[in-house]
Amino acid sequence: MTEKSSSPAGPSKSRKTAFAPAGFKETLDGLMEEMRTLYLGDNVPWIVGYSGGKDSTATLQLVWLALSQLPVEQRKKKVYVVSTDTLVENPVVAAWVSRSHDAMSHAAANQRMPIEPQRLTPEVEESFWVNLIGKGYPAPRHKFRWCTERLKIRPSNRFIMQVVNQNSEAILLLGARKAESSARAHVMNRNTQYRVRDRLSPNPTLPGCMVYTPIEDWTNDDVWMYLTQIPNAWGFSNKDLLGMYAGATADGECPLVVDTSTPSCGDSRFGCWVCTLVEKDKSMAAMVQNDQEKEWMLPLLKLRNELDFRNNGSGPDEESSDHHLRDFRRMSGAVQLMYSGSAPIPGPYTQASRERWLRKLLEAQTWIRKHGPKDVGKIELVTLQELQEIRRIWVVEKHELEDSLPRIYEEATAEKYPDERLDDSMVLKAEDLAMLEEMCAPDRLHFELTRELLSIVRQQQSSQRRSGHFERLEKTFSRHFYRDAADAADFARRRKLARDQVEKGETPDLNGSATTPLF
């Protein structure tokens, strides 16, 4: 049984609509006249946030139609149409947005419109897979939502501030609506109080940027009525857009995110396929269920569910269910206890976990390329640039001298890794590492310590800088001098107890019966 879309094609007669009492045509004419007045009122460039969803499509279509009614000589001010591609977007929506941009560019040139599409992406070092597989960040959760800032907010804000720096100001047009949620209505009403020009609100996080929300009072029904009644301005089918929505659950879209008050992709219909901020990816599941041609996305759905910390183990609560996949030390190497004091707060994914996620990702990509339709035959779930950065982090920063990424790539894809190997001075031969691991067995921490010390010495030999060498060695020893996680937790408890005793003026018990000395 398939899920039905609750996105209607027209407004309900039983409730309020933004087109009453003036009427549909009169309301649109008034809104487009308002847009033309704002456009001609200054030389400040416009930036339209476009995600490919219904709200941003309606906003851009209003802008396009309003400006098309101006004489060509008055269309001087640039209008940027920006879409943020997190590189882990729902592939169906990402392809839709890409085709939309192509259509916009072609139509804008033919119609002599000042509209310029821009695709924004996160920096390689801020991408999802570099952070999760490279650095070991655990899958996002509400207590550690590291993804939105890096994948959405920073790329958008970088571009907006670039426009502001070049022009002193910018006007950002968003398809935000008060009817989306009470929280969204509260934020929009609050910002309205600080308007210095009609319909333009200041952005609290982007100096020099004003925000214009032309459809802020529209309902969900109003948006669909407009899109189904008025043809798409750049030649893209709004009926196909409605069909894409009908193939998934009824919810909001993934908006252009410029601050933390904007709903995250996790709360929206079309977001990142890896999102673990929600319990289930209902939109992708519904697409697979409703359309046999989209069954190729099943490996993505499976991998997303495996990443979800709720499905990774049998911890006492959902936040602790993936602790067995993570190091007992934080990213800095420090050991910190949970509130209960029973165990260390888990840190990044272990080396084994990170290698496992990489293998599964590449296997999913290989399967889709082989079994999916022709248009996904070259799909890139992870780019070569991301793989190169992951490899650098593993070998250079995490001192994993095995340099296992090329081997995992070749085993998962049956193809040669398309990049040169690292400098031989940065890695150890497989037989040397096997011998080292055997000598340290069964003490994994002893092996990691020795491997890291070798790596630091090699890096120091090839570096022009000599400062900080002893500090790095000292930090390495402090990371690895525990016997295991239980010993580290005991050490952290005794250290806290000693600090508390000193604060009370008591003589601290430095070692007690512990196996690892406190000092």
Side-chain angles (χ1 to χ4, degrees), residues 2-3 51-53 84-99 121-122 127-134 137-141 147-148 151-152 244-245 247-249 251 253-254 264-312 322 325 349 353-384 386-387 390 408-409 412-414:
T2 59
E3 294 184 26
S51 67
T84 306
D85 183 353
T86 62
L87 303 180
V88 283
E89 297 291 318
N90 180 308
V92 173
V93 181
W96 174 273
V97 173
S98 179
R99 294 195 303 270
T121 58
S127 74
F128 183 84
W129 295 121
V130 167
N131 278 279
L132 188 138
I133 295 178
Y137 280 22
R141 59 208 69 199
C147 51
T148 305
L151 306 185
K152 281 285 184 181
M244 187 166 65
Y245 269 84
T249 59
D251 205 324
E253 64 174 289
C254 182
S264 77
C265 296
D267 296 326
S268 62
R269 152 205 269 302
F270 298 133
C272 304
W273 67 267
V274 293
C275 184
T276 50
L277 290 173
V278 289
E279 292 188 15
K280 295 180 180 179
D281 187 336
K282 296 180 180 179
S283 63
M284 183 179 289
M287 284 182 176
V288 172
Q289 183 179 4
N290 296 343
D291 190 344
Q292 194 172 23
E293 293 183 358
K294 293 185 175 64
E295 288 184 354
W296 59 267
M297 291 195 295
L298 274 171
L300 304 185
L301 197 59
K302 181 180 178 182
L303 179 54
R304 180 260 164 218
N305 290 338
E306 289 188 35
L307 281 170
D308 195 333
F309 50 89
R310 303 171 188 87
N311 305 325
N312 269 324
D322 65 348
L325 302 177
Y349 287 129
S353 297
R354 288 182 278 107
E355 291 179 345
R356 176 172 169 268
W357 292 133
L358 176 64
R359 183 181 297 277
K360 286 183 172 293
L361 176 64
L362 292 171
E363 287 174 346
Q365 176 177 282
T366 302
W367 190 95
I368 292 172
R369 287 181 174 183
K370 183 177 181 180
H371 297 94
K374 187 176 180 180
D375 57 349
V376 296
K378 295 183 178 180
I379 191 171
E380 273 193 330
L381 299 183
V382 57
T383 67
L384 178 59
E386 289 177 290
L387 290 172
I390 291 169
I408 294 172
Y409 181 93
T413 66

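It should be emphasised that the depicted structure is a prediction, and the values quoted were computed from it without experimental measurement.
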Under the side-chain hydrogen bond (donor to acceptor under 3.5 Å, both in side chains) criterion, do Glu363 and Thr366 qualify, and how do the steps go?
-> CA-CA 5 Å; Glu363 287 174 346; Thr366 302; over 6 Å; no

Under 3.5 Å, is there a donor-acceptor pair between the side chain of [X] and the main chain of [Y]?
X	Y	value
Trp129	Leu381	yes
Arg354	Tyr349	yes
Thr86	Leu151	no

What closest approach, in Å, do [X] and [Y] show between heavy atoms, and which atom pair accounts for it?
X	Y	result
Met297	Val288	CB-CG2, 4.0 Å
Arg369	Glu380	NH2-CG, 3.7 Å
Arg310	Arg304	NH1-NH2, 4.3 Å
Pro299	Trp367	CG-CE3, 3.4 Å

Nearest 0.5 Å please: distance from the [atom1] atom of [X] over to the [atom2] atom of [Y].
X	Y	atom1	atom2	value
Leu87	Phe128	CG	CZ	11.5 Å
Leu300	Lys294	CG	NZ	13.5 Å
Asp308	Leu277	CG	CG	9.5 Å
Cys272	Asp85	SG	CG	9.0 Å
Lys152	Ser51	NZ	OG	7.0 Å
Ile390	Ser127	CD1	OG	6.5 Å

For [X], give me all partners under side-chain hydrogen bond (donor to acceptor under 3.5 Å, both in side chains), at least two apart in sequence or on another chain.
X	answer
Thr383	Glu386
Thr276	none
Tyr409	none

How would you list, by chain and number, every residue that makes a salt bridge (charged side-chain N to carboxylate O under 4.0 Å, His left out) with Arg359, sequence neighbours excluded?
->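 Salt bridge (charged side-chain N to carboxylate O under 4.0 Å, His left out) list for Arg359, sorted by chain: Glu411.
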
side-chain contact (heavy atoms from CB on, under 4.5 Å) filter on Ala285, not counting sequence neighbours, yields Leu301

Compare all side-chain heavy atoms of [X] with those of [Y] and state whether any distance is below 4.5 angstrom.
X	Y	answer
Met287	Glu293	no
Pro91	Val376	no
Asp281	Asn305	no

Show your reasoning for whether side-chain contact (heavy atoms from CB on, under 4.5 Å) applies to Val274 and Leu303.
-> CA-CA 8 Å; Val274 293; Leu303 179 54; over 6 Å; no

Which ring pair (Phe, Tyr, Trp, His ring centres under 6.0 Å) pairs, counting each pair once, include a residue from residues 279-303, with sequence neighbours left out?
->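 Passing the test, one end in residues 279-303: no pairs.
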
Under a 4.0 Å N-O cut-off, is there an ion pair linking Asp322 with Arg141?
-> yes

